[in-house]
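One structure below.
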Protein chains: 2
Amino acid sequence: MAGQPNKKADADISPAGTDITDAVDFEIIELLFFAYRDFTSDPDVILEKRGFGRAHHRVLHFVDREPGMTVADLLDTLRITKQSLARVLKQLIDSGYIHQVAGPEDRRQRKLYTTKEGKTLARALAEPQSRRIAEALAKTGPGARDTIKRFLAGMKTAEEN
Amino acid sequence: MAGQPNKKADADISPAGTDITDAVDFEIIELLFFAYRDFTSDPDVILEKRGFGRAHHRVLHFVDREPGMTVADLLDTLRITKQSLARVLKQLIDSGYIHQVAGPEDRRQRKLYTTKEGKTLARALAEPQSRRIAEALAKTGPGARDTIKRFLAGMKTAEEN
DNA sequence: AAAAATATGTCAACATAACTGACATATTGT
DNA sequence: ACAATATGTCAGTTATGTTGACATATTTTT
């Protein structure tokens with residue numbers, strides 16, 4: 001567990017011109033794993049009470065964040081298949097957390113909105129995650145938020161469009 | 001420093017003493033989702049060729065990083081059940097990527113090590129992830145790495161021990 | 001108007017990776 | 001001897017993803 005610039009050092013020391021661009025960043029890879037593991041486990045207690053899983057959480061979150069988004073939008077955001085989405089979306093609709101409205105211009109579309117209950121649940125799920133983030137940012141120091149935002153945005157694969 | 005106190009501002013503006021500690025950080029929550037979604041998809045191509053999944057990747061990664069760790073250590077790290085681990089671990093052992101050695105002091109233990117092939121695979125899987133991190137850090141600016149490290153460490157639930 | 005394309009929904013079968021519960025074996029500690 | 005521990009394994013279940021095929025309504029193109 002002792003902090004170490006060992007990996008970089010190893011690469012520099014490597015005999016002759018063996019490997020120069022070596023130095024794999026295992027440290028951040030691992031920190032990301034732990035951070036995300038614990039971050040996603042926060043809402044599990046609340047979800048379980050309602051018989052939902054993380055898939056439901058993700059759908060509810062994005063519909064809540066972008067009211068009126070279509071099924072196609074959601075598929076593109078979550079990167080799952082229509083059939084995978086259908087199951088959890090149907091459950092959320094049947095449970096009264098999300099409702100659909102036919103698109104005003106294109107009536108083939110189903111625009112998605114959270115109901116009042118949906119908004120409440122989305123908020124409740126986000127709360128412990130938000131608290132965790134706030135605490136981590138506070139411990140990191142002032143100005144951290146902007147750096148984190150830029151880093152995380154940079155980790156996302158750029159969209160082609 | 002000059003981030004955006006928008007959400008905080010909204011909360012401050014809220015009528016009467018409605019919500020003060022409100023301000024849920026949807027923005028970072030979402031950025032984390034996209035960052036992790038794309039980060040974990042990097043090694044998928046390599047894994048698929050060998051008939052492995054992300055579960056195998058995680059096991060291989062940690063055994064490679066901490067040679068000699070026991071099954072119990074691994075269970076604690078991954079936060080999955082013994083039966084879940086057994087399946088993927090067995091496959092990695094049978095495929096010759098990981099080997100076991102009875103503990104020298106406590107012979108009930110199975111100390112885990114990556115084989116030569118295991119090390120090679122672990123490195124190959126980490127490489128695209130490491131590259132993504134390096135690019136994101138470069139875009140974020142100098143000094144970002146330390147801030148990111150501290151933030152991610154702060155996101156992890158503290159261990160009791 | 002007819003044909004093609006698009007957005008969504010749905011059926012069926014299957015894969016992966018998690019879960020619970022129970023029990024077996026070898027080894028260590030009391 | 002007995003209890004506790006570390007690991008392995010059997011059997012069944014659940015959550016969430018997959019592919020492929022096809023139906024329906026609607027919009028766009030020809």
Side-chain angles (χ1 to χ4, degrees), chain A residues 33 36-37 40-41 43-63 68-95 98-113 125, chain B residues 33 36-37 40-41 43-45 47-63 68-95 98-113:
Chain A
F33 169 78
Y36 203 75
R37 181 196 64 179
T40 51
S41 77
D44 285 352
V45 188
I46 303 165
L47 288 165
E48 207 180 14
K49 283 181 203 156
R50 295 181 166 73
F52 290 153
R54 290 177 188 174
H56 301 88
H57 183 188
R58 290 194 288 272
V59 171
L60 187 64
H61 168 87
F62 284 108
V63 172
M69 80 189 302
T70 66
V71 171
D73 293 337
L74 205 40
L75 288 175
D76 189 58
T77 299
L78 301 173
R79 301 273 163 87
I80 57 174
T81 58
K82 192 172 46 160
Q83 296 84 340
S84 292
L85 174 58
R87 202 176 1 203
V88 292
L89 182 55
K90 194 172 191 304
Q91 290 172 320
L92 285 166
I93 291 168
D94 291 348
S95 311
I98 288 179
H99 67 105
Q100 295 176 311
V101 179
E105 268 112 63
D106 186 338
R107 281 165 46 216
R108 288 170 304 183
Q109 293 181 338
R110 295 287 173 272
K111 294 195 151 255
L112 304 169
Y113 299 89
L125 292 168
Chain B
F33 170 79
Y36 203 74
R37 180 195 65 180
T40 51
S41 76
D44 284 353
V45 189
L47 288 165
E48 207 180 13
K49 283 180 204 156
R50 293 176 167 76
F52 289 153
R54 289 176 189 176
H56 301 87
H57 183 188
R58 291 194 287 272
V59 171
L60 186 66
H61 168 87
F62 284 107
V63 172
M69 80 189 302
T70 66
V71 171
D73 292 337
L74 206 39
L75 289 175
D76 189 58
T77 299
L78 300 174
R79 300 274 163 88
I80 58 174
T81 58
K82 193 172 44 160
Q83 296 84 338
S84 294
L85 174 58
R87 195 171 357 144
V88 292
L89 182 54
K90 194 173 191 305
Q91 290 172 321
L92 285 166
I93 291 168
D94 291 349
S95 311
I98 288 179
H99 67 106
Q100 296 176 310
V101 179
E105 269 112 63
D106 187 338
R107 280 166 45 216
R108 288 172 303 182
Q109 293 182 338
R110 295 289 173 270
K111 294 195 150 256
L112 304 169
Y113 300 89

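Values below: all heavy atoms of this structure, side chains included; hydrogens, waters and symmetry mates excluded.
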Any protein N or O atoms within reach of nucleotides 7-11 of chain C? Criterion: under 3.5 Å, listing atom names and distances.
| residue | atom | partner | partner atom | Å |
| --- | --- | --- | --- | --- |
| C/dT8 | OP1 | A/Arg110 | N | 3.3 |
| C/dT8 | OP2 | A/Ala72 | N | 2.9 |
| C/dT8 | O4 | A/Lys82 | NZ | 3.4 |
| C/dG9 | OP1 | A/Gln100 | NE2 | 2.8 |
| C/dG9 | N7 | A/Lys82 | NZ | 3.1 |
| C/dG9 | O6 | A/Lys82 | NZ | 2.4 |

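Between A/Glu48 atom CD and C/dC19 atom C1' there is a gap of 11 Å when expressed in whole angstrom units. Note: CZ (B/Arg54) to C1' (C/dA15) measures 15 Å, nearest angstrom. Spacing between atom CG of B/Leu47 and atom C1' of C/dT16 amounts to 13 Å, rounded to whole angstrom units. The interatomic distance linking A/Leu75 (CG) with C/dT6 (C1') rounds to 14 Å, in whole Å. In this structure, CG of B/Leu85 is placed 12 Å from P of C/dA17, rounded to the nearest angstrom. A straight line from CZ of B/Arg37 to P of D/dG17 spans 13 Å, rounded to a whole angstrom. Put simply, CG on B/Leu74 is 11 Å from P on C/dA18, counting in whole angstrom units. Protein atom NE2 of A/His57 is 17 Å distant from nucleotide atom P of D/dA15, rounded to whole Å.
Residues passing the side chain to side chain contact (heavy atoms under 4.5 Å, CB included) test with A/Arg110 are A/Val71, A/Gln100, A/Ala102, sequence neighbours excluded. For A/Phe33, the ring pair (Phe, Tyr, Trp, His ring centres under 6.0 Å) partners two or more places apart in sequence, or in a different chain, are B/Phe62.
Look at B/Thr81 and you won't find any side-chain N or O under 4.0 angstrom from OP1 or OP2 of C/dA18. Side-chain nitrogen and oxygen atoms of A/Ser84 include at least one within less than 4.0 Å of the OP1 or OP2 phosphate oxygen of D/dT18. For the OP1/OP2 pair of C/dT16 and a distance below 4.0 Å, the side-chain nitrogens and oxygens of B/His56 include no atom meeting the criterion.
Heavy atoms of B/Arg87 sit under 4.0 angstrom from at least one base atom. Using a 4.0 Å heavy-atom distance criterion, A/Gln91 is classed as making no nucleic acid contact.
The minimum heavy-atom distance between B/Thr77 and B/Met69, with the atom names listed, is OG1-CE, 4.0 Å. Contact between B/Asp73 and B/Thr70 at its shortest, heavy atoms only, is OD2-N, 3.0 Å.
The residue among A/Gly53 and A/Arg107 whose nearest nucleotide of DNA chain D lies closer to the 5′ end is A/Gly53. The residue among A/Val88 and A/Pro104 whose nearest nucleotide of DNA chain D lies closer to the 5′ end is A/Val88.
The structure places CZ of A/Arg58 at 10.5 Å from NE2 of A/His56, a figure rounded to the nearest 0.5 Å.
Aromatic ring pairs are classed by plane angle as parallel below 30°, tilted from 30° to 60° and perpendicular above 60°; the pair A/His57 and A/His61 is perpendicular.
B/Asp44 and B/Ser41 share no side-chain donor-acceptor pair at under 3.5 Å.
Checking C/dC19, D/dT16, C/dT28 against every side-chain atom of A/Ala55, the shortest atom distance belongs to D/dT16.
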